[in-house]
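Just so you know, ligand 1 is whichever comes first in the structure, and atom 1 is the first atom listed for that ligand.
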Amino acid sequence: MALKTLGQFIIEKQADFPYAKGELSRLLRDIGIAAKVINREVNKAGLADILGEIGDQNIQGEVQKKLDVYADEQFIEALRRGGECCYIASEEHEFGIDLTRGYHVNNGKYMVCIDPLDGSSNIDLNVSVGSIFSIYRRKIADVEITADEILQLGSDQVAAGYIIYGSSTMLVYTTGKGVNGFTLDPSIGEFCLSHPNMKIAENGTTYSINEGNYLKFPQYVKDYIKYCQMEDAETSRPYTSRYIGSMVADLHRTLITGGIFLYPETSSYPQGKLRLLYECNPMAFIIEQAGGKAVSGQERILTIQPKYLHQRSSIIIGSRLMVEKVQEFMLPNYDTADVLGKKLTFSG
Ligand code: AHM
Ligand code: MG
């Protein structure tokens with residue numbers, strides 16, 4: 001069977017957007033190019049010290065950068081050169097980057113939020129890391145950009161995706177018409193369609209949460225964890241626990257095998273830890289497009305009004321029935337004792 005590259009696929013899909021003149025396609029292409037360059041560096045992460053000649057310089061005399069800074073620079077340069085993006089919000093920058101000013105002026109229609117290298121604390125451990133992106137259209141063109149123009153609802157995203165740098169490198173994205181996954185074929189240097197029309201199972205048997213925070217969780221999360229651990233043949237419990245600590249990797253598994261991922265509010269992070277604009281919203285868009293669900297408390301992630309750029313949110317995301325089960329545990333009149341069995345007692 002002939003391989004379909006990301007570039008070919010994007011062009012084919014352009015017909016889905018009658019109003020578009022190819023700008024979004026070019027923007028996605030630019031992101032794909034940045035992803036390949038970042039992939040190359042991530043792949044040789046363990047060699048960084050060996051390849052650098054003196055101190056922090058590599059053999060080309062370039063200063064060696066931490067990979068998350070490097071990834072950030074690659075995305076910004078690719079978006080600046082591509083010309084379709086006018087504004088970038090990145091995890092690595094306190095303020096948004098206005099590309100309508102500076103040495104290469106862009107007046108493109110699109111604004112992009114990025115987490116250039118998510119889970120970067122895992123980089124030295126050879127554990128999968130990822131990049132996440134979220135794309136919005138400018139609401140009002142032809143006027144000067146203001147910083148809060150990027151504070152749109154997640155439901156306004158025109159596209160979102162992630163790249164996982166794992167045992168193979170994949171790019172998964174949606175433009176609101178389903179989710180498609182592409183695997184990088186290193187022999188030809190192209191992302192090739194490998195996972196068309198991805199769907200998440202309605203239910204699953206894997207839960208993913210940093211259980212080290214157990215004592216800091218609200219009661220409904222503690223109760224849900226106990227529920228996952230209890231034996232019940234009918235619902236295939238106890239469930240399996242899997243937590244990599246790299247959101248992209250944990251959600252990629254959740255998308256493929258079904259399951260649930262939680263990063264709830266904790267006593268250390270009362271609003272949740274993960275960032276709404278470039279972590280929760282893009283992942284929520286992808287998982288919803290695959291048939292799953294993503295909420296913060298009882299609220300859909302995609303309808304939370306962002307108030308500032310690095311806003312955090314709690315998130316419960318994955319297979320629809322599992323997310324809805326956690327939401328039941330939140331209800332004030334929910335009879336937890338009845339569900340979990342009266343003989344169990346909970347402490348902490
Ligand atoms: P980062 O953007 O600084 O890499 O942090 C985000 C990461 C996510 O990838 C992951 O889900 C989470 O932080 C893990 O946090 P914790 O170590 O508290 O479980
Ligand atoms: Mg991150």
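Those atoms of ligand 1 with a heavy atom of Ser246 less than 4.0 angstrom away are 9 (O). In summary, the atoms of ligand 1 found under 4.0 Å from a heavy atom of Glu91, numbered by their order in the structure, are 1 (P), 2 (O), 3 (O). Close contacts of ligand 1 with Glu279, meaning ligand atoms under 4.0 Å from a residue heavy atom, involve 2 (O), 6 (C). Distances below 4.0 Å separate heavy atoms of Gly245 from the following atoms of ligand 1: 9 (O), 10 (C), 14 (C). Within ligand 1, the atoms closer than 4.0 Å to a non-hydrogen atom of Ser120 are 4 (O), numbered from 1 in the order shown.
For Thr5 and Glu190, the side-chain atoms include no donor-acceptor pair closer than 3.5 Å. Of the N and O atoms on the side chains of Ser296 and Ser314, at least one donor lies less than 3.5 Å from an acceptor on the other residue. Between the side chains of Tyr224 and Gln327, not a single donor N or O lies within less than 3.5 Å of an accepting N or O.
For Asp115, every heavy-atom contact with ligand 1 shorter than 4.0 Å involves the side chain, none the backbone.
A cation-pi arrangement is present between Arg237 and Tyr227 under the rule of less than 6.0 angstrom and at most 45 degrees off the ring axis.
No option in Leu251, Val129, Ile123 other than Val129 meets the side-chain contact (heavy atoms from CB on, under 4.5 Å) test with Ser246.
Panel note: side chain Asn180, backbone Asn197; a donor-acceptor pair is recorded below 3.5 Å.
Residue contacts with ligand 1 leave out Arg275, since none of its heavy atoms falls under 4.0 Å from the ligand.
Of the N or O atoms in Met247, one or more lie within a sub-3.5 Å distance of an N or O in ligand 1. At least one N or O atom of Asp118, backbone or side chain, sits closer than 3.5 Å to an N or O atom of ligand 1. Polar contact with ligand 1: present for Gly119 (N/O pair, distance under 3.5 Å).
In this structure, Phe182 and Phe9 have perpendicular ring planes: the angle between them is above 60°, well past the 30° mark.
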